[in-house]
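Comments concern the structure below.
Reckoned from all heavy atoms, side chains included, excluding hydrogens, waters and symmetry mates.
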Amino acid sequence: MAMVMRQRRPQPSDPSPSTYTKLDKANKSDGEGDEEDKGLGWFLPFVTLAMLRYMSASSNIIHDCDEVFNYWEPLHFLLYKTGFQTWEYSSQFALRSYLYLLFHEVVGRPASWLYAEEKVQVFFAVRLFLGLLSVITETVLVVALSRKYGKRLASYALAMLCLTSGCFFASTSFLPSSFSMYAMSLASGLFLLDKPAASVAVAATGVILGWPFSILAFLPVTLYSLSRKFNRAFIAGAVTSIILLALSIVIDFHYYGRWTSSVLNILIYNVAGGGESHLYGTEGPLYYLRNGFNNFNFCFLLALLFLGILPIARRKYAPDLLIVVSPIYIWLGFMSLQPHKEERFLYPIYPLICVAASAVIESFPDLFRDKYLPRSDSLMVKAAKILRPVILGLILSASHARTFSLIHGYSAPMEVYKILEHHDDVGNGSVLCVGSEWHRFPSSFFIPNFVSEVRWIDDGFRGLLPFPFNSTLGGTASAPSYFNNKNKASDEQYLHDINACTFLVELQLKRPYLTRGSDLSTWEAIAALPYLDRELSPSLYRSFFIPYLWESKNVFGMYKLLKRIPNDARY
């Protein structure tokens with residue numbers, strides 16, 4: 001006789017047969033539905049970032065002369081056999097990697113064939129390539145955030161990656177620190193997608209191919225990835241490092257003409273050798289705090305406050321997001337202790353600032369939620385939810401004001417040099433002279449072929465200036481005697497015969513002295529654009545565009561391209 005077991009009728013007090021996790025609780029506590037769980041796809045972040053990075057590539061100014069003379073100029077020499085060389089590229093010192101330049105020549109070389117003599121187009125083709133790298137790596141980061149923590153946090157991060165001034169400008173700057181920034185975005189995204197081996201390989205690429213000093217910023221993600229899947233992550237990182245280091249040494253041998261490693265040389269110069277970066281200027285310990293606020297405004301403050309929501313963050317984001325944003329504090333603290341400071345040194349952590357700030361904004365309601373009644377919406381919780389888009393809108397508005405101010409206040413140098421190509425009536429062999437404005441020279445990509453050379457003229461600067469690559473001395477393999485690592489000026493760096501100048505570039509400010517271009521019997525202005533006078537303009541009005549006040553409160557000089565008047569035309 002078969003026995004039939006009768007199942008007990010479920011009682012109202014029985015738990016639901018479906019599993020309800022803490023993640024589900026977090027997702028539904030704010031009233032999100034299933035749509036929230038789906039997260040963002042790949043299309044929206046990619047297209048949105050692509051539009052903003054295209055705008056950056058086409059309108060970004062050059063923020064640092066190091067970008068020009070250590071990267072654009074050597075690339076120009078590789079493509080056209082002319083360009084300026086700095087002491088770091090002397091084979092005696094060999095501090096800069098040609099592997100990094102060759103990575104960009106992959107785009108620059110075909111563009112130089114396509115555009116022939118239109119070198120400015122080659123410049124912008126390389127910039128578009130940089131923007132594309134930024135788009136791809138940041139898209140991975142945004143999608144990873146969405147899948148791990150939901151659509152809201154990812155959307156906030158996407159908005160700030162697109163519009164904050166720091167990311168807008170750094171994304172298309174031709175600098176190793178920008179490349180490390182791309183690697184940081186990609187490595188962090190892969191880490192959140194639970195791909196530790198790929199994350200470590202990307203981190204190694206960012207350090208070796210990009211900026212060796214950024215290794216400190218990559219440590220948290222790298223070490224935690226190794227702790228998860230040591231064998232796979234270690235092998236991926238080791239193989240990537242060995243391949244890139246070997247490539248770097250071989251390529252450095254080809255260009256410098258001797259066996260050396262630029263990666264090792266720059267580490268020895270700055271670390272083991274003590275370095276002498278103080279020769280190029282020093283700043284106080286608060287420099288990066290001021291700079292961070294200028295480039296990220298309230299986003300930067302919220303990122304720093306991430307530690308303030310640590311109890312909430314431990315429940316919602318631990319451990320992955322805590323690992324991802326930790327380089328902000330490690331890197332900011334370390335770099336603030338160094339006497340020589342530059343804005344570009346913070347580039348590697350720029351995307352993380354947006355991520356940390358997004359997490360803080362997304363957590364506003366949790367600050368006021370009763371931990372025993374997490375699903376209840378009190379008046380304060382509702383107010384905090386309304387505050388989120390308000391704060392985000394304030395950040396994006398201030399960011400736009402900063403971006404607008406910089407582009408419209410300081411774009412004159414690039415625009416003035418573009419006009420030079422329309423004055424080829426002087427014939428070949430022209431000489432363009434630049435005095436105190438040498439540090440705003442936008443690169444040889446803006447110099448048309450009818451100008452035979454660009455020369456510096458003495459305006460009182462006593463540091464060492466770049467010299468043209470000398471092919472007779474060996475080009476990239478040369479070690480000219482006029483280069484030194486003490487920033488001491490060379491007698492050969494200036495053109496002493498001013499009469500040899502065909503064109504002259506000057507910034508004329510409201511100062512109680514005359515410039516060379518003031519001599520109207522010798523020079524005629526063929527281009528003049530306003531340039532924001534930083535010294536005479538109030539800090540608030542020059543840093544952020546405020547409608548109706550930006551032009552009236554700020555003081556402007558005139559950035560001029562001058563052409564020598566022929567002797568027979570003077571009277």
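Looking at Met184 and Phe218, their side chains come closer than 4.5 Å, going by heavy atoms from C-beta outward. For the pair Leu158/Cys162, a side-chain contact is recorded, criterion being any heavy-atom separation below 4.5 Å from C-beta on. Residues Ile391 and Ile395 form a side-chain contact, since some pair of their non-hydrogen atoms from C-beta on lies under 4.5 Å apart. In this structure, the side chains of Tyr329 and Leu332 stay at 4.5 Å or more apart for every pair of heavy atoms. The shortest side-chain heavy-atom distance between Val221 and Ile323 falls under the 4.5 Å cut-off. Counting only heavy atoms from C-beta outward, the side chains of Leu190 and Val202 approach each other to under 4.5 Å. In this structure the side chain of Leu163 never reaches within 4.5 angstrom of the side chain of His400, judged on heavy atoms. Counting heavy atoms from C-beta on, the side chains of Tyr559 and Glu415 never come closer than 4.5 Å.
Judged purely by atom type and a 3.5 angstrom limit, Ser411 has no side-chain atom pairing as donor or acceptor with the backbone of His408. Between the side chain of Tyr156 and the backbone N or O of Arg388, no donor-acceptor pair lies under 3.5 Å. With hydrogens and angles disregarded, no donor-acceptor distance shorter than 3.5 Å links the side chain of Thr172 to the backbone of Arg127. In this structure, the side chain of Ser180 engages the main chain of Gly206 through a donor-acceptor pair within 3.5 Å. Under a 3.5 Å cut-off, the side chain of Ser537 and the backbone N or O of Val555 do form a donor-acceptor pair. The backbone N or O of Tyr287 lies less than 3.5 Å from no partner atom in the side chain of Asn291, so there is not a single donor-acceptor pair. Of the possible donor and acceptor atoms, none in the side chain of Tyr317 sits under 3.5 Å from a partner among the backbone N and O of Leu310. In this structure a side-chain-to-backbone donor-acceptor pair under 3.5 Å is present from Ser97 to Leu99. Under the 3.5 Å distance criterion, the side-chain polar atoms of Thr139 are matched with a main-chain donor or acceptor of Val135. Not a single donor-acceptor pair under 3.5 Å links the side chain of Ser397 to the backbone N or O of Leu394.
When every heavy atom of Thr205 is checked against every heavy atom of Leu244, the shortest pair comes out as CA-CD1, 3.6 Å. The minimum heavy-atom distance linking Ala236 with Ala197 is given by the pair CB-O, 3.4 Å. In plain terms, the two heavy atoms of Leu367 and Ile309 that are nearest each other are CD2-CG2, 4.0 Å. Counting all heavy atoms, side chain and backbone alike, Ala159 lies closest to Leu396 at O-CD2, 3.7 Å. Listed here is the closest heavy atom pair of Phe168 and Asn60: O-ND2, 4.5 Å. Across all their heavy atoms, Val360 and Leu302 have their closest contact at CG2-O, 3.3 Å.
Pairs engaging residues 217-240 under the side-chain hydrogen bond (donor to acceptor under 3.5 Å, both in side chains) rule: Arg228-Asp320 [sequence neighbours left out]. Residue pairs meeting the side-chain hydrogen bond (donor to acceptor under 3.5 Å, both in side chains) criterion with at least one partner in residues 539-557, sequence neighbours excluded, are Ser405-Trp550.
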Note to self: side chain to side chain contact (heavy atoms under 4.5 Å, CB included), that's the test. Do Val126 and Leu75 meet it? Break it down for me.
What the structure shows: CA-CA 10 Å; Val126 174; Leu75 179 63; 4.2 Å; yes

Next item on the list: Would you sort out whether Ile361 and Met160 count as a side chain to side chain contact (heavy atoms under 4.5 Å, CB included), showing the intermediate values?
Entry: CA-CA 12 Å; Ile361 295 175; Met160 286 190 271; 4.2 Å; yes

Note to self: If you apply the rule side chain to side chain donor-acceptor pair (under 3.5 Å), what do you find for Glu437 with Tyr531, and how did you get there?
What the structure shows: CA-CA 12 Å; Glu437 286 304 294; Tyr531 187 87; 5.6 Å; no

Next item on the list: Would you please test Met414 and Phe123 for side chain to side chain contact (heavy atoms under 4.5 Å, CB included) and show each step?
Entry: CA-CA 12 Å; Met414 292 179 66; Phe123 175 92; 3.9 Å; yes

Note to self: With side chain to side chain contact (heavy atoms under 4.5 Å, CB included) as the criterion, how do Leu132 and Leu128 come out once you've worked through the C-alpha distance, each side chain's angles and the decisive distance to 0.1 Å?
What the structure shows: CA-CA 6 Å; Leu132 179 61; Leu128 286 172; over 6 Å; no

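Applying side chain to side chain contact (heavy atoms under 4.5 Å, CB included) to Phe306 and the options Ile328, Leu322, Val355 leaves one that passes, Leu322. Just one of Ser326, Ser188, Ser185 meets the side chain to side chain contact (heavy atoms under 4.5 Å, CB included) condition when paired with Leu352; it is Ser188. Paired with Phe179 under the rule ring pair (Phe, Tyr, Trp, His ring centres under 6.0 Å), one option of Trp211, Phe103, Tyr71 passes, and it is Phe103.
Counted within 6.0 Å of CD1 on Ile215, heavy atoms from surrounding residues, nucleotides or ligands total 12 or fewer; the atom is thus considered open. At most 12 non-hydrogen atoms from other residues, nucleotides or ligands lie less than 6.0 angstrom from CE of Met55. In this structure, Lys195 places its NZ atom where only 12 or fewer heavy-atom neighbours from other residues, nucleotides or ligands lie under 6.0 Å away. Environment of OH in Tyr54: sparse, with no more than 12 heavy atoms of neighbouring residues, nucleotides or ligands closer than 6.0 Å. Heavy atoms from other residues, nucleotides or ligands lying under 6.0 Å from NE2 of His63 number more than 12.
For the atom pair Cys299 SG and Phe293 CZ, the distance stands at 11.0 Å (nearest 0.5 Å). Atom CG in Leu304 sits 7.0 Å away from atom CG in Leu289 (nearest 0.5 Å). A distance of 9.0 Å separates CD1 in Ile61 from OG in Ser173, rounded to the nearest 0.5 Å. A distance of 9.5 Å separates OH of Tyr350 from OG of Ser165, quoted to the nearest 0.5 Å. With rounding to the nearest 0.5 Å, the separation of CG in Leu192 from CG in Leu141 is 7.0 Å. The NE2 atom of His439 sits 12.5 Å away from atom CD1 of Ile62, with the distance rounded to the nearest 0.5 Å.
The existence of a salt bridge linking Lys316 and Asp366 is confirmed by a sub-4.0 Å separation between a basic side-chain nitrogen and an acidic carboxylate oxygen.
Residues satisfying the side-chain contact (heavy atoms from CB on, under 4.5 Å) criterion with Leu130, sequence neighbours excluded, are His104, Phe174, Tyr182. Residues passing the side chain to side chain donor-acceptor pair (under 3.5 Å) test with Tyr410: none are found, sequence neighbours excluded. Partners of Ser177 under the side chain to side chain donor-acceptor pair (under 3.5 Å) rule, at least two apart in sequence or in another chain, do not exist in this structure. Remark: Arg344 engages Asp64, Asp66, Glu342 in a salt bridge (charged side-chain N to carboxylate O under 4.0 Å, His left out) (not counting sequence neighbours).
Counting only N and O atoms by type, the side chains of Glu138 and Ser134 include a donor and acceptor under 3.5 Å apart.
Ring-centre distance between Phe441 and Tyr417: below the 6.0 Å cut-off.
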